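In what follows, a single structure is set out as structure tokens and then discussed.
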Amino acid sequence: MLDYNQPIERGRSEAPQRTSEGSFNMLELVNLLWRRKIAIAAAALIGAGLAVTIGKSLTPRYTATAQLYVDPRELQLVDRELTPRAQDVSGMSMVVESQARLITSNSVLLQVIQQAGLEKDPEFGGGDGKTLASSLLGLIGLQLRAPSVAEVKEVQLAALDALNKHITIRKTEKSFIVDIEVWSIDPAKAAMLANTLTSVYLTESRNSQALAARRATSELSGRLKELRERLRNAETALATYKAQNNFVGTQDSLISDQQLSASNQRLSAARAATMDAQARLDQIEANKRTAADAGAIPEALQSPTIANLRAQYADARKKYAEQTAELGPRHPALRQTEKQVEDLKRTINEEIERFALSAKNDLTRARDYEASLNRALEVQKRQSVQLSQAAVRLRELEREADASRDVYQSFLKRSRETEEQETLNTSAARVIGEATVPQRRSFPPAMSLFAMIGFIFGALAAASWFVAAEHLFNGATTPEPNRRERTPAPDVSKAQGEAAAPPPALALVEKPLIARLQEADVIRTLGAILATGGGVDLTRIGWPTLRPGFPLTTLLNALRDMRAAMVRRASGKTMPMMALVGAGDTAGRSVAALNLALAAARDGSRVLMIDADHQARTLSNKVSRPGKSEPGKLGWLSIGSKAAHEIKTVNGISVLPAAGSDDGKAADAIRKTIAQARSAGGYDLVILDGPAMPLSGAGRKLLDGVDALVAVLPTSLDINDSMEEILTALGGTERKLVGVVLDELTPTTQTRQRGKQYA
């Protein structure tokens, strides 16, 4: 049967086939390992013993762990801290990581070495300082020279490097917890070193804070003297300038400004008094000019003298009126009373005149006072302008003095704060878990694990050795039993009168491609339904054909690869030719041939499709039915008789129906037609539907001229038997086999019985 995984060797039927070198069957591998099970088990036990021995020989290590809480949010003991704090989460995480790195800094580790005496510990590269030579010299009272500073430094550096390797710092994710792990061959020493390391780190952290505060205090104090002198000079210059320019006054304002303000207020009051006096005088003068009573002015009404005179005047008028009625006009008493009335009236007028004179005097005095205030105000204004010009420099001196005072006070306050911070410990780091003496070793692991690892590696090593030995010494020389070979059927046309030719040389046959023709790839139609009126449409003849506009699928890729293999075999020949052969029902072969032609036409190829099965004539019966062709659509190619003419279709495919009933004549006619088409050059590809199986002599001659063969195997039959039948029938032409089409389509009769709907 055909093996699709390896190339096919079809040249000599006697050639034995061997298994490829370097490959083992899984069953053979299991059998080999089972045969060597005792040796493999022994090797596994030996490996386990060696692993346990190695584990026992390793020096045990004990790891002690101390837990440290490093909080970047230090204690708030003063208003202003010496260093800014991290506010966001990323900043806090960076602070914690920096502190974790500080734990293993050289300054911290050197102090641990000094406190723990590690420079004399052999585990950390040191010694006890007493060698044999020094001991012997000590017996006789001599001592070796003390080690130099360089030697001591070298020993400390060696201990520092060793201690670094013994320490592991682990920071718990999303927390401020830091685990300090220290291992040693002595469990008590491991715990002691872990606790010493945490203690030294906390002390170093406090010392670093105090040192930073002390350095800041020193820097600030060094600047205070200079700032104090600068402030004194600025204040002295300000006081001198004020004295020189008569800037005298209270804290709020100058005296000159106060005087100017007071003068301005007095001038306003004087102007008001002047206006009042002027109004009073105008009123008195107006009353005098009019016939109104002169005593009606406010001053006269308020004066007791005027009031007394007016009362006397009223009594005299009353008396005069009574005497006029009783006495005659020349009576002395009447004349005396009349004179008394006139005297009183004159006296009242004289009093009013004195009021007018007083008002004039008040107006004159108010005007003089206002004028004097105006002159004084002008003088003060000129002085104020001069002081304003001088105040520009004064304000500059004041700003300099204020700035110097502020800087000095700030430095002085900050110096006092940093001085107090030297004695304060603001660090929030603390030990939350002291290291205890470990009870179990951390390395090496348990001996059971060593035994398991050694057991597994020993078994794997032994199994690999036996497999390699079997492969190298036995696998390449042991042949498989010969496969059953098929003998090609003899060529009937050459068997008569010809001597048997020698067997051809061994040749490799390229593995054929496999395509699966499934229901999902095609669409079914009934013949003459929805057929186009412009010519024959091969998709409307009632066969399952490729879906229109179907995207790139596995079937189309396989068909394209088959055509590419045919082109390679044609070696540049114009119009290569492919034949489709198959077993069983010929309709499946014809459907596969039609779909192969349609796929090539969709890729732009001009296809000539010939019905080479003159017995079944399956393709010819489909395209030559009445109504399927018109005289105007017939081509110039013909096979044998005039009735078998080329039929051009709307799909870009030309179809030559089968003609004649004789095998030899039909094959000769097909070869002549192909030669005629090649000479004309009107096509890119020729596809033969047939010939039918089993092959006749004419069919074999026809297949000798093709460039590639494609076998169509219906899945309704046994595929292996069908393939063996085709290969046996092909004989020597089986080397042209480039593809196999697995026909998985349901026969049309069965499809109709299932009641599917056709479109």
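The model shown is predicted, which means the values in this text are computed figures rather than measured ones.
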Indicate yes or no for a side-chain donor-acceptor contact from [X] to the backbone of [Y] under 3.5 Å, with no hydrogens or angles considered.
X      : Y      : result
Lys622 : Ile541 : yes
Asp707 : Met577 : yes
Ser605 : Ala601 : no
Ser620 : Arg617 : no
Arg700 : Ala729 : yes
Thr649 : Asp537 : no
Lys736 : Met578 : no
Asn651 : Ile653 : no

Where do [X] and [Y] come nearest, in terms of heavy atoms and distance?
X      : Y      : result
Ala100 : Ile169 : CB-CG2, 3.9 Å
Met562 : Val741 : CE-CG2, 4.2 Å
Pro444 : Gly55  : CG-O, 3.8 Å
Leu513 : Ala558 : CD1-O, 4.3 Å
Ala451 : Ala48  : O-CB, 3.4 Å
Val706 : Ala579 : CG1-CB, 4.0 Å

Quick check for you: to the nearest 0.5 Å, what is the distance between [X] atom [atom1] and [Y] atom [atom2]?
X      : Y      : atom1 : atom2 : answer
Leu517 : Leu546 : CG    : CG    : 7.5 Å
Leu559 : Arg602 : CG    : CZ    : 10.5 Å
Asp611 : Leu656 : CG    : CG    : 9.5 Å
Leu730 : Thr733 : CG    : OG1   : 4.5 Å
Asp718 : Glu725 : CG    : CD    : 11.0 Å
Ile40  : Leu45  : CD1   : CG    : 12.0 Å

Report task. Could you verify whether a donor N or O on one side chain and an acceptor N or O on the other, from Ser654 and Glu646, lie under 3.5 Å apart? Result -> yes
Tell me if the [atom1] atom of [X] is crowded by more than 12 foreign heavy atoms within 6.0 Å.
X      : atom1 : value
Met452 : CE    : no
Phe457 : CZ    : no
Lys171 : NZ    : yes
Arg170 : CZ    : no

Kindly indicate whether the side chain of [X], heavy atoms from C-beta on, has any atom under 4.5 Å from the side chain of [Y].
X      : Y      : value
Leu713 : Ile726 : yes
Val581 : Val712 : no
Leu58  : Phe450 : yes
Pro544 : Val591 : yes
Leu538 : Val623 : yes

Please output the side-chain donor-acceptor pairs of residues 686-693 that fall under 3.5 Å, not counting sequence neighbours, one pair per line with the distance.
residue	atom	partner	partner atom	Å
Asp689	OD1	Arg589	NE	2.8
Asp689	OD1	Ser590	OG	3.4
Asp689	OD2	Ser590	OG	2.6

Under the criterion side-chain contact (heavy atoms from CB on, under 4.5 Å), I'd like the reasoning laid out for Glu519 against Glu744: C-alpha separation, chi angles, the key distance, then a yes or no.
CA-CA 7 Å; Glu519 291 287 346; Glu744 300 181 5; over 6 Å; no
For the pair Ile523 and Thr545, evaluate side-chain contact (heavy atoms from CB on, under 4.5 Å) and give the outcome as yes or no after the intermediate values.
CA-CA 6 Å; Ile523 184 173; Thr545 55; 4.2 Å; yes
task = May I ask you to decide whether Asp521 forms a salt bridge with Arg547, counting only side-chain N to carboxylate O separations under 4.0 Å?
result = no
message: Salt bridge or not between Arg606 and Asp684? Use side-chain N to carboxylate O under 4.0 Å.
response: yes
Residues pairing under side-chain hydrogen bond (donor to acceptor under 3.5 Å, both in side chains) where one sits in residues 33-42, two or more places apart or in two chains, turn out to be none
Apply side-chain contact (heavy atoms from CB on, under 4.5 Å) to residues Ile674 and Met575 and explain how you reach the verdict.
CA-CA 9 Å; Ile674 293 173; Met575 202 175 73; 4.0 Å; yes
Across all chains, not counting sequence neighbours, the salt bridge (charged side-chain N to carboxylate O under 4.0 Å, His left out) partners of Asp603 are Arg560, Arg563
Only one of Asp668, Ile610, Ile670 passes side chain to side chain contact (heavy atoms under 4.5 Å, CB included) with Leu702, and that residue is Ile670
When Leu745, Asn595, Thr618 are each screened for side chain to side chain contact (heavy atoms under 4.5 Å, CB included) with Trp543, the one that passes is Thr618
Between Leu717 and Asp721, is the side-chain contact (heavy atoms from CB on, under 4.5 Å) condition met? List the steps. CA-CA 8 Å; Leu717 303 177; Asp721 294 341; over 6 Å; no
